[in-house]
Amino acid sequence: MNPIAAVQAVVTADEYDREPTVAELDAIETETPLILAEVELLDVRIALMDRTPSELDKRRLRKALHRVLAERAALANRTTSGEAA
C-alpha cells in the first residue's frame, strides 16, 4: 500500500517548520536575562542536591535567587511600561 501525501511542501508545511518572526526574536531577547538567571539558580540547586550546603553555598543560593527575582521585576517593569510589548 502506498502512502498518500501531498507533493508540494506548501501543502504539508507545518506551523513549526518556519523561522521565528522578528517579534518572537525580540521577545526572546527581552527574556534572555531572566532565562540566564533561572539557569544559574538551577545550577546552584543541582549542585546542592547531594551535599549539606556550607555558608558559601547558602550565599550562592541566595544570590542566585535574588538575581532571578530582580530579573523578574525588571522584566515586569519593562513590559508594563510599554518598552517590550
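Atoms considered below: every heavy atom in the structure, side chains included; atoms not considered: hydrogens, waters and symmetry mates.
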Compare every heavy atom of [Y] with every heavy atom of [X], then report the nearest pair and how far apart it is.
X   : Y   : value
V68 : A37 : CG2-O, 3.3 Å
I28 : T32 : O-OG1, 2.6 Å
N77 : T80 : O-OG1, 3.3 Å
T52 : D57 : O-OD2, 4.3 Å

Verdict with supporting geometry, R62 and K58, side-chain contact (heavy atoms from CB on, under 4.5 Å): CA-CA 6 Å; R62 284 192 306 267; K58 290 177 186 178; 3.8 Å; yes
Within one Ile-Leu-Val-Met-Phe-Trp-Tyr cluster: I35 and L42, side-chain cutoff 4.5 Å: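 Cluster IDs for I35 and L42 differ.
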Same cluster (ILVMFWY, side-chain, under 4.5 Å), V44 and V39: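 V44 and V39: separate clusters.
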Roughly how far, to the nearest 0.5 Å, is CD of E40 from CG of L65?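 Atom-to-atom, L65:CG and E40:CD are 11.0 Å apart.
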Gap separating the CG atom of L61 from the CG atom of L56, nearest 0.5 angstrom: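 Between atom CG of L61 and atom CG of L56 there are 11.5 Å.
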Residues, nucleotides or ligands: over 12 heavy atoms within 6.0 Å of E24 CD: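 Yes.
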Partners of P33 by side chain to side chain contact (heavy atoms under 4.5 Å, CB included), sequence neighbours excluded?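 Counting only residues at least two positions away or on another chain, P33 forms a side chain to side chain contact (heavy atoms under 4.5 Å, CB included) with E71.
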How far apart are the C-alpha atoms of R67 and L41, what are their side-chain angles, what is the distance that settles it, and do they pass the side-chain contact (heavy atoms from CB on, under 4.5 Å) test? CA-CA 9 Å; R67 183 173 172 219; L41 178 60; over 6 Å; no
Could E38 and R72 be called an ion pair, given the rule that one side-chain N must be under 4.0 Å from one carboxylate O?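 A salt bridge links E38 with R72.
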